[in-house]
Amino acid sequence: MTRALDVFGAPDAEVAVRVPVSLHTPGAAAQGLVAGFYSRRATPITSTLERVLSQARRELFPRLLPSQAPTARPFTPDGARRDLLGAEQTRPRHDRGAAIPTVFWPWWTLCVATHWCRHRLTRTAFACLTPASGTALSIPRALDRLQPEASCGHVSWVLRHLLEEPAWNGLCTALTRLAAHLDEHGSPIDYDRRRALDYTGLLHEQRWSLLLDRTELRHTPALLRVVRGVLFETLSGQPASHAPAHFAPATTEQRDAISDFPAVLTTRLTGELRAVAAEFLAAQGIDEPVTWQPPTELADGLDLPGPSPDALAAGPLHELLAARLPLQRAATHAGLPLDAARFLLAHQPPEITGGPHPEPDLAAQLPAELLRDLYVHRGLSISELAARYQVNRRRIRTLAAELNVQSVTILRWCPKYDLPVRAVGGNGHRSALYDTNQAPPGLRPR
């Protein structure tokens, strides 16, 4: 705190730089003092402070820029070439592309993420740097190999700013350990094969209807598109923007909906989605796990810029979402970055007790044809179907207008499926129903 106050009290930028640089042992204290920050509104004070911190980081933690290596120091002292991380090229022509997803492993992405970089850029950059460790792979060749959604300029920008991170040495060690583990043990998933699969028929309509019947979801065309995008990222290891055109996100809102989908996950829905993914792989003749990641023990003892995913608790986040708070606000109230909240909800979804519907007895008694037409195709859940007509005393004509059908259609459903019909006129708004003993228990008056 004293050092920080000295920085703000310095008469000019040159004097301010000398305050953190004067630390005798530039360790954790110096890293926290000169860590970068992001300001939405540029002012002379914030601009000067950013320049002071950047210069202090370069003096406290000097290192060779990878972009300078081919010209300034293309070789190590013993004559070996360097890789993108500045280390010796031990296996120049080795290819790890088949073992690494384009969408970097979520647990590891959260660990290495910085506060100044978007999650999508972070996962792309580290997906390119991992196969480059110890090899002659360049950024353009890594991009051609993995086909991410970021450009060469974006990845170079991320790498250039990572070099100013005090935790850069920890990041390099993490990438080196990941690469060594893949070289020794390999990966149970062949992502080259996954990326080459045809995902046009992913989650067809019949399987989607079955998933709706077993979970808490309600059908909308937008939701189906989102779920297909989530499954595509999970299976192919690629961003959803690479998906087939009929469900690839085309707008920012659609991309955000895929990113925020963990907010609606439950344990039951997570299990159903994994079952859909496993069925898709089996239909393609692929005997692999749906997902996989390198052991998290590889990060032990490393100083990484992101939070430790295993130390985060999802309980407070579940309570805030149950109180109908939006995901962004819930993450803020829980004291979590948005990406950390998404990770927690995806890997620790809440467990919903009870059946998938508020009235499972009604689902067991009404014919599947009627339920599918009302619940799947028209988006009307079972509880709403009963509540609108029986509890809320809605008129047939009103329900017909809401469901976009003719009144006679609803009247035709009632005797066909033994649904109770109220009398026309004033008696129809009273509690008495005709033939209530013949109606399903879920529709009988209470």
Side-chain angles (χ1 to χ4, degrees), residues 38 101-127 148-150 158 215-217 222-223 225-243 247-249 251-274 276-277 290-293 296 299 304-352:
Y38 173 74
T102 307
V103 178
F104 204 56
W105 298 289
W107 191 95
W108 287 93
T109 302
L110 191 60
C111 285
V112 301
T114 58
H115 66 279
W116 46 262
C117 186
R118 289 183 179 181
H119 198 73
R120 292 190 297 117
L121 289 181
T122 299
R123 67 187 188 183
T124 297
F126 282 92
E149 57 185 347
V158 173
T215 61
E216 306 82 9
L217 291 181
L223 180 59
R225 185 174 192 148
V226 169
V227 174
R228 284 172 171 168
V230 171
L231 287 172
F232 176 83
E233 286 195 352
T234 302
L235 287 167
S236 69
Q238 294 180 293
S241 57
H242 288 40
F247 65 86
T251 63
T252 302
E253 290 75 14
Q254 292 173 355
R255 286 192 293 269
D256 291 342
I258 293 176
S259 300
D260 293 341
F261 182 73
V264 303
L265 283 176
T266 62
T267 51
R268 182 185 295 114
L269 178 55
T270 301
E272 286 295 324
L273 292 177
R274 292 189 68 86
V276 172
V290 174
T291 59
W292 176 84
Q293 69 174 10
T296 58
L304 300 176
S308 174
D310 298 334
L312 302 178
L317 196 59
H318 292 164
E319 296 176 359
L320 292 169
L321 291 176
R324 303 297 183 184
L325 263 69
L327 178 57
Q328 176 71 64
R329 290 182 58 192
T332 302
H333 283 290
L336 295 171
L338 180 57
D339 293 323
R342 289 167 174 165
F343 173 87
L344 277 179
L345 293 173
H347 294 80
Q348 300 180 35
E351 184 173 355
I352 305 299

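Quick caveat, the model's predicted, so the values are computed rather than measured.
Glu233 places a side-chain N or O within 3.5 Å of a backbone atom of Ala240 that can act as its donor or acceptor partner.
The list of side chain to side chain donor-acceptor pair (under 3.5 Å) pairs with a residue in residues 317-331, not counting sequence neighbours, is empty. For the salt bridge (charged side-chain N to carboxylate O under 4.0 Å, His left out) condition, the pairs that include at least one residue of residues 101-121, sequence neighbours left out, are Arg120-Glu149. Counting only residues at least two apart or in different chains, side chain to side chain donor-acceptor pair (under 3.5 Å) contacts with residues 255-267 comprise Glu216-Thr266, Thr252-Arg255, Asp260-Arg342.
A distance of 6.0 Å separates CG of Leu320 from CG of Leu325, quoted to the nearest 0.5 Å. Here CZ of Phe104 is found 12.0 Å from CZ of Arg123. Values are rounded to the nearest 0.5 Å. We find the CG-CG distance between Leu217 and Leu223 to be 5.5 Å, quoted to the nearest 0.5 Å. Between the CH2 atom in Trp108 and the CD atom in Gln293 there is a gap of 8.5 Å [rounded to 0.5 Å].
Checked against side-chain hydrogen bond (donor to acceptor under 3.5 Å, both in side chains), Trp107 has the following partners two or more places apart in sequence or in another chain: Asp310. For His347, the ring pair (Phe, Tyr, Trp, His ring centres under 6.0 Å) criterion is met by Phe343, not counting sequence neighbours. In this structure, the side-chain contact (heavy atoms from CB on, under 4.5 Å) partners of Ala113, at least two apart in sequence or on a different chain, are Thr122. Residues that satisfy the side-chain contact (heavy atoms from CB on, under 4.5 Å) test with Ala277, not counting sequence neighbours, are Leu231, Leu235, Val290. For Glu272, the side-chain contact (heavy atoms from CB on, under 4.5 Å) partners at least two apart in sequence or on another chain are Arg207, Leu211, Arg214, Thr215. The side-chain hydrogen bond (donor to acceptor under 3.5 Å, both in side chains) test applied to His242 returns no partner, not counting sequence neighbours. Val226 meets the side-chain contact (heavy atoms from CB on, under 4.5 Å) test with Val230, Ala257, Ile258, Phe261; sequence neighbours excluded. Applying the ring pair (Phe, Tyr, Trp, His ring centres under 6.0 Å) criterion to Phe247, with sequence neighbours excluded, gives no partner residue.
Proximity of Thr102 to Thr124: side-chain heavy atoms (C-beta onward) are nowhere separated by under 4.5 Å. The closest side-chain heavy-atom distance from Pro148 to Pro239 is not below 4.5 Å. Side-chain atoms of Pro349 and Arg268, non-hydrogen and from C-beta on, never get closer than 4.5 Å to each other. Between Thr109 and Val103 the shortest side-chain heavy-atom distance does not fall below 4.5 Å. Residues Gln254 and Arg225 meet the side-chain proximity criterion, which asks for heavy atoms closer than 4.5 Å.
Ala313 approaches Leu344 most closely through the heavy-atom pair O-CD1, 3.6 Å. Contact record, Ala248 with Ser241: CB-O, 4.2 Å, taken as the closest heavy-atom pair. Between Cys117 and Val158 the shortest heavy-atom distance is SG-CG2, 3.8 Å. Nearest heavy-atom pair across Pro337 and Ala331 is O-CB, 4.4 Å. The shortest heavy-atom contact between Ala334 and Leu317 is CB-CD1, 4.2 Å.
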Quiz item: side chain to side chain contact (heavy atoms under 4.5 Å, CB included) between Gln348 and Leu312: does it pass, once the steps are laid out?
Solution: CA-CA 10 Å; Gln348 300 180 35; Leu312 302 178; 6.0 Å; no
Practice problem: Mind running side chain to side chain contact (heavy atoms under 4.5 Å, CB included) on Val264 and Leu321 for me, showing each step along the way? | Solution: CA-CA 9 Å; Val264 303; Leu321 291 176; over 6 Å; no
